[in-house]
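Note sheet for the following structure.
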Amino acid sequence: MEYDFRAIEKKWHEKWAGQGTYKVVEDSSRPKYYVLNMFPYPSGAGLHVGHPLGYIASDIYARYKRQCGFNVLNPMGYDAYGLPAEQYAIQTGQHPAVTTEKNIARYREQLDKIGFSFDWDREVRTCEPGYYHWTQWAFQKMFGSYYCNKCQCAQPIEKLIQHFEKQGTAGLDVACSEELTFSPAEWNAMDEKRKSDVLMNYRIAYQGETMVNWCAGLGTVLANDEVVEGVSVRGGFPVEQKKMRQWCLRVSAYAQRLLDGLDTIDWSDSIKETQRNWIGRSEGTEMQFKVKDSDIEFTIFTTRADTIFGVTFMVLAPESELVAQLTTAAQKADVDAYVAAVRKRTERERIADRKVTGVFSGSYAINPLTGESIPVWISDYVLAGYGTGAIMAVPAHDSRDYAFAKHFGLEIRPLIEGCDVSEESFDAKEGIMMNSANAELNLNGLTVKESIAATKRYVTEKGIGRVKVNYRLRDAIFSRQRYWGEPFPVYYKNGIPTMLPEECLPLQLPEIKDYKPTESGEPPLGHATEWAFDTKSNKVVSKSLIDNVTVFPLELNTMPGFAGSSAYYLRYMDPKNDNALVSAQADNYWKCVDLYLGGSEHATGHLIYSRFWNKFLKDLGVSVVEEPFAKLINQGMIQGRSNFVYRIKDTNTFVSLGLKNQYDTTPIHVDVNIVSGDVLDVEAFKAWRPEYETAEFILEDGRYICGWAVEKMSKSMFNVVNPDVIIEKYGADTLRMYEMFLGPLEQSKPWDTNGIDGCHRFIRKMWTLFTDRDGSLKISDDAPSKEELKSIHKLIKKVTEDIEAFSFNTSIAAFMICVNELSQLKCNKRQVLTDLVKLIAPFAPFIAEELWEALGNSTTVCDAKWPEFNEDYLKEDSITYSISFNGKTRFTMDFAADASQDEIQAAVLANEKAQSYIDGKPIRKVIVVPRKIVNIVL
RNA sequence: GCUCGAAUGGUGGAAUGGUAGACACGAGGGACUUAAAAUCCCUUGACCUUUACCGGUUGUGCGGGUUCGAGUCCCGCUUCGAGCACCA
């Protein structure tokens with residue numbers, strides 16, 4: 001019986017499919033375990049060997065858990081809506097629905113070959129109406145909710161309306177875009193449109209006129225996490241700030257819960273830290289400043305209330321509404337010019353060029369503690385979107401204020417004893433205060449910390465300020481001016497956004513011919529002809545029927561990519577349910593994802609949105625847990641290992657790596673698939689590109705050696721390795737083993753096909769443990785020897801510990817050692833080999849099934865009980881200790897395994913050789929390290 | 001600038017404060033073979049010593065410290081990676 005992996009893998013693939021081996025149903029008699037991978041975007045390029053890394057790791061864990069008796073949910077699906085899918089469609093000139101379908105089929109084919117234990121009956125696709133029904137449903141629920149700060153949860157908007165009717169805004173503590181004040185009478189007098197606008201200020205899904213990241217290159221607005229350094233993450237197009245009316249999600253309302261939740265989940269510190277940074281909680285003080293010779297008051301936010309006596313000017317953000325109010329007639333021309341100039345600058349220019357700029361408004365504010373008049377300036381170093389868009393400037397103790405003061409020649413007043421502010425500001429929150437006293441408040445002599453507390457207390461009591469917590473986290477912009485996304489289930493009733501009745505969901509994405517985005521931001525859905533809502537028949541009808549009486553226009557924007565990926569883990573629990581996102585019964589059984597695997601690049605995107613979305617669903621009573629992903633592992637990226645050939649300049653001659661320094665050469669990327677062990681297949685190279693057909697080579701030792709470098713795996717570097725090619729040559733089991741063997745799961749590491757032979761040899765070596773050269777099974781029912789039992793139980797212990805710690809590379813090393821030992825021992829004992837098959841099953845399921853069957857089992861190895869470790873087999877009769885003097889090993893001694901430390905110590909000191917080292921010198925210390933070393937310190 | 005993480009042979013990487021370099025690749029040598037492939041065995045951090053065996057020195061980015069003993073812990077750097085960044 002030769003190890004014919006192609007036949008074996010085909011056979012088991014069919015059996016698994018035929019027998020529904022991986023079908024999962026809720027089973028209250030067994031504990032559940034939910035393993036999940038971040039589902040892929042089905043891109044046009046197909047999978048490369050980097051993609052399945054996380055899937056393999058989670059599949060190993062899922063299979064292990066199943067063998068340990070858990071009912072394991074391990075689903076897979078596709079994140080099919082969104083920018084990448086649409087960009088690919090546009091590039092290839094095909095409809096996104098067509099390319100998406102094609103790409104999914106290709107992904108599925110590739111995934112299937114690797115032997116995953118996915119329950120494909122639970123597959124979800126975000127672009128299918130049966131799925132996005134519930135994305136739209138959740139959006140409607142968010143629209144119909146506001147966030148109560150008192151009870152820290154979402155509430156139905158009807159409750160808020162009742163409050164307005166009875167009390168207006170009095171006694172309200174809710175999340176909002178801006179603080180409004182009105183009486184019940186005023187509320188009741190509002191017309192429908194006005195009421196709608198007011199409620200938008202409170203809804204969790206709301207429409208707001210906000211500064212957005214507008215990307216003309218992609219023809220859409222983007223969320224903050226989709227923009228890096230002023231350009232779009234997708235495509236790298238410039239992004240500018242623009243005021244637009246957009247749908248937004250009030251993620252900021254959940255900032256504190258998102259922060260607190262981090263302490264309850266098992267995620268890496270680095271990703272928690274990233275999220276904490278992104279949420280950016282900052283505890284400070286809001287203070288009122290009166291404007292001189294005016295009844296205008298404005299509020300600033302500061303974390304350094306203690307420095308109030310050092311304020312020498314104020315600064316407003318150019319976008320602030322106060323700018324118009326505070327600018328004096330004399331300064332108006334200058335201010336207008338400045339504001340216009342700032343508006344012209346894109347985000348990118350602001351980042352690239354951080355010049356100090358600003359303009360005086362002409363007004364003065366009154367310092368509430370000193371009564372001094374202080375000039376109010378306008379500068380773009382103050383951001384409109386953070387705090388109140390206005391600050392008090394303390395140049396002595398803030399480097400930005402310092403730079404501004406120096407530039408415009410404003411006063412710098414130090415407040416901390418002994419600090420030198422002649423060259424730079426003293427920003428540290430330490431030291432003893434000075435120059436900080438008025439008739440009622442004396443901070444002099446206090447530490448900075450004490451002063452902050454004292455000032456907070458003072459301004460609160462005096463009613464000139466209050467303690468305030470600010471967050472950097474902004475609301476998520478939820479509209480995209482693109483075609484390929486979930487349509488909003490919204491129509492416009494005379495300008496008032498209105499939700500479609502729930503029974504009309506899902507609102508299906510219409511087929512249109514021209515789905516390309518437009519530079520002006522006009523959504524492609526504007527081209528749809530059947531895109532109006534008839535409130536009489538509750539049907540989508542032609543736009544030509546719009547009469548704004550019973551037939552109204554539908555929303556033209558679509559939802560962003562993260563909409564569909566925010567609650568998909570819930571849908572896997574109950575993917576075919578037409579009546580609910582998930583049934584209470586399924587939800588109560590599976591609860592949350594126990595193990596979530598994916599890349600760390602989603603730290604500030606998907607992983608925030610998903611947590612937010614889940615918290616909202618929890619408030620609604622749909623999700624049963626506060627945090628959706630109990631444990632998160634971020635697998636590292638697989639990088640490419642590129643190969644180079646060296647062309648001598650202006651020739652078609654290529655010189656081997658070792659000789660290239662003798663010539664003037666240009667390195668050229670060469671396809672890694674025609675290079676083996678850094679040796680170029682010269683004939684394949686000639687056939688690779690027409691221009692190389694006549695290439696000549698300068699060889700060393702008769703071979704052409706290529707150079708190499710680790711780079712991102714990408715088509716343009718010709719270093720993409722397709723898993724299909726590896727599987728064809730070595731089999732899926734070898735691929736799985738090798739991906740895990742490459743290195744620690746969470747670390748980025750380069751793919752190097754050269755090393756794969758080691759894993760393939762291991763698989764074949766294991767095969768020969770079971771079979772004779774003539775192909776017959778060579779299993780014996782004799783009792784195993786002591787050595788054999790020791791070897792396999794060492795493995796059981798190591799592999800069990802390593803899987804629990806997700807240290808798969810070291811467990812594979814342990815397999816290699818064990819199989820080597822068993823080969824040396826010529827072990828053919830059923831008991832030992834049965835355990836070996838059970839242990840290898842999660843890693844190499846195909847060969848495990850084949851051998852499991854060969855051992856005479858009729859069930860699948862997936863349900864084979866995980867072997868139990870027995871410590872007795874590892875016990876040794878005697879242990880060799882190294883005897884050291886002053887840290888240097890001198891000789892060895894054997895002791896019984898159960899010898900006590902005292903016995904060992906006494907025996908060593910009585911030993912003749914030891915005596916010769918001691919040689920009458922006093923012994924300071926004897927250290928007996930269990931099972932290892934006896935160190936005698938003289 | 002702030003926060004977090006990393007640095008070990010030619011390569012990927014192992015090492016609860018206890019014999020650094022497991023395991024694998026690559027390389028070198030050998031066995032089998034007409035030959036090759038496949039397979040198996042040996043060597044493989046560097047340096048020194050030796051005909052050989054044996055033996056020695058040194059060695060985990062750099063500089064200190066704690067300890068009988070440090071890749072591992074502490075302090076101070078260097079370099080690389082990641083996140084945040086006029087966030088008041």
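Keep in mind that what you see is a predicted model, and the values were worked out from it rather than measured. Both backbone and side-chain heavy atoms feed into the values below; hydrogens, waters and symmetry mates do not. Naming: A, B, ... by sequence-line order, numbering from 1 per chain.
- Between Arg764(A) and rU39(B), a side-chain N or O to OP1/OP2 separation shorter than 4.0 Å is present.
- Close to rG12(B), at under 4.0 Å from its OP1 or OP2, lies no side-chain N or O of Lys749(A).
- In this model, the phosphate group of rC23(B) is not approached by any side-chain N or O of Asn809(A) to a distance below 4.0 Å at OP1 or OP2.
- The gap from the C1' atom of rC80(B) to that of rC25(B) amounts to 25 Å, rounded to the nearest Å.
- Aromatic ring centroids of Phe408(A) and Trp377(A) lie under 6.0 Å apart.
- Picking from rA88(B), rC84(B), rC40(B) the nucleotide with the shortest atom distance to the side chain of Asn277(A) gives rC84(B).
- Put simply, the residue from Leu632(A), Thr274(A), Asp225(A) that forms a side chain to side chain contact (heavy atoms under 4.5 Å, CB included) with Leu607(A) is Leu632(A).
- Phosphate proximity of rA88(B) to Ser282(A): present, with a side-chain N or O under 4.0 Å from OP1 or OP2.
- Contacts of Ile391(A) with the nucleic acid, taken as non-hydrogen atoms under 4.0 Å apart, include base atoms.
- In terms of position along RNA chain B, the nucleotide closest to Asp269(A) lies nearer the 5' end than the nucleotide closest to the other residue of the pair Asp398(A) and Asp269(A).
- Arg736(A) has its side chain out of reach of Phe843(A): every pair of non-hydrogen atoms, C-beta onward, lies at least 4.5 Å apart.
- Judged by atom type and distance alone, Asn935(A) reaches the base of rC68(B) through a side-chain donor-acceptor pair under 3.5 Å.
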Starting at the 5' end of RNA chain B, what dot-bracket string do you get if Watson-Crick and G-U pairs under 3.5 Å are bracketed, crossing pairs use [ ], other-strand pairs use | and unpaired bases use dots? (((((((..(((.....[....)))((((((.......))))))((((......))))..(((((..]....))))))))))))....

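- Straight-line distance between the C1' atoms of rA85(B) and rG65(B): roughly 35 Å, to the nearest whole Å.
- Around the CD atom of Glu871(A), the shell of radius 6.0 Å holds no more than 12 heavy atoms that belong to other residues, nucleotides or ligands.
- In this model, the phosphate group of rG5(B) is not approached by any side-chain N or O of Gln747(A) to a distance below 4.0 Å at OP1 or OP2.
- Contact annotation for Gln824(A): backbone-only contact, meaning every heavy-atom pair under 4.0 Å involves sugar-phosphate atoms and none involves a base.
- Side-chain contact, Asp902(A) with Ser900(A): no donor N or O sits under 3.5 Å from an acceptor N or O.
- Leu742(A) comes within 4.0 angstrom of the backbone, heavy atoms only, and of no base.
- Residue order along RNA chain B, read from the 5' end via each residue's closest nucleotide, puts Ile817(A) first among Ile817(A) and Met392(A).
- Among the heavy atoms of the strands, none lies under 4.0 Å from Ser882(A).
- For Phe741(A), counting side-chain heavy atoms from C-beta on, the closest listed nucleotide (rG12(B), rA14(B), rC40(B)) is rG12(B).
- Using a 4.0 Å heavy-atom cutoff across all strands shown, Arg276(A) reaches no nucleic acid atom at all.
- For rA88(B), the OP1/OP2 oxygens have no side-chain nitrogen or oxygen of Tyr381(A) closer than 4.0 Å.
- The cationic atom of Arg472(A) (NZ for Lys, CZ for Arg) lies less than 6.0 Å from the six-membered ring centre of Trp278(A) and within 45° of the ring axis.
- Within the 4.0 Å cut-off from OP1 or OP2 of rC25(B), at least one side-chain nitrogen or oxygen of Arg761(A) is found.
- You'll find that the side chain of Phe301(A) is closest to rA88(B), out of rA88(B), rU19(B), rA14(B).
- The side chain of Arg472(A) lies closest to rA85(B), out of rA85(B), rG26(B), rG18(B).
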